[in-house]
Amino acid sequence: MSVSILVIYTGGTIGMVKDKATGALHPFAFENIYKMMPVLENFDYAIDGISFDPLIDSSNVSPSFWVKLAGVIESNYGKYDGFVVLHGTDTMAYSASMLSFMLENLNKPVIFTGSQLPMGVVRTDGRDNFINAVEIAAAHDDNTPVVPEVAIYFENKLLRGNRTNKFNAENFNAFLSGNYPPLAEVGVHIRY
């Protein structure tokens, strides 16, 4: 069974690449996702991507943004087995929390992720965050999603969307959930 995942790029560092000539950051073209990350071809997933136009800086997130994001998920809900939302880290916890309440009767994964460094940087955390978020969104057990809720994946941890906050802007381990244990921890294996 091939699993279908919709990647929704709303904005943020994770979707940016550096122009080699100018050094300026510009949004990554997600139609080239397999070229940038050929490892994705090892998965038996159909991965589609859409980008918000215009992209939203996470400092400009508002209720109308949440309504738009929920609408994209709602209108594509029947077509995909899971969703990965690429979002700026500064307000990701707010958006994940809001969506966890807006998406009533959710029975599919909606996994938020982002990065502290742009995708095109050698030491980026974005590649691993993205790949692991896709794998978690695709995880099924007997045709049932393993994580049928809104969650944040960041630096080897999957955290409940409405129990997470950003506590550090300088380290890759930037999010914590002080009052709820991780939904999963990622190492050699993903332990749900």
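The closest side-chain heavy-atom distance from Leu183 to Tyr192 is not below 4.5 Å. Using a 4.5 Å heavy-atom threshold, the side chains of Ser95 and Phe65 count as touching. The closest side-chain heavy-atom distance from His87 to Ser58 is below 4.5 Å. Under the 4.5 Å side-chain criterion, counting only non-hydrogen atoms from C-beta, Leu99 is not in contact with Val110. Residues Ser2 and Asp44 are in side-chain contact: their nearest non-hydrogen atoms beyond the backbone lie under 4.5 Å apart. Counting only heavy atoms from C-beta outward, the side chains of Val186 and Lys157 never approach each other to under 4.5 Å. Within the 4.5 Å cutoff, the side chain of Tyr180 has no heavy atoms near those of the Leu159 side chain.
Here Met16 contributes atom CE and Leu86 contributes atom CG; the two are 12.5 Å apart, rounded to the nearest 0.5 Å. Rounding to the nearest 0.5 Å places CE of Met119 at 13.0 Å from CG of Leu25.
Within a 6.0 Å sphere centred on CZ of Phe43, other residues, nucleotides and ligands contribute more than 12 heavy atoms.
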Pairs of donor and acceptor atoms involving the side chains of residues 67-78, under 3.5 Å and at least two apart or interchain, shall be tabulated with distances.
unit_1 : atom_1 : unit_2 : atom_2 : d
Ser75  : OG     : Gly71  : O      : 3.1
Ser75  : OG     : Val72  : O      : 3.2
Asn76  : OD1    : Lys79  : NZ     : 3.3
Asn76  : ND2    : Val72  : O      : 2.8
Tyr77  : OH     : Asn107 : N      : 2.9

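Each of Val85, Asp48, Val84 was scored for a side-chain contact (heavy atoms from CB on, under 4.5 Å) with Leu6, with one residue passing: Asp48.
Residues forming a side-chain contact (heavy atoms from CB on, under 4.5 Å) with Met98 (at least two apart in sequence, or on another chain): Trp66, Met102.
Side-chain atoms of Ser59 and Asp57 include a donor-acceptor pair closer than 3.5 Å.
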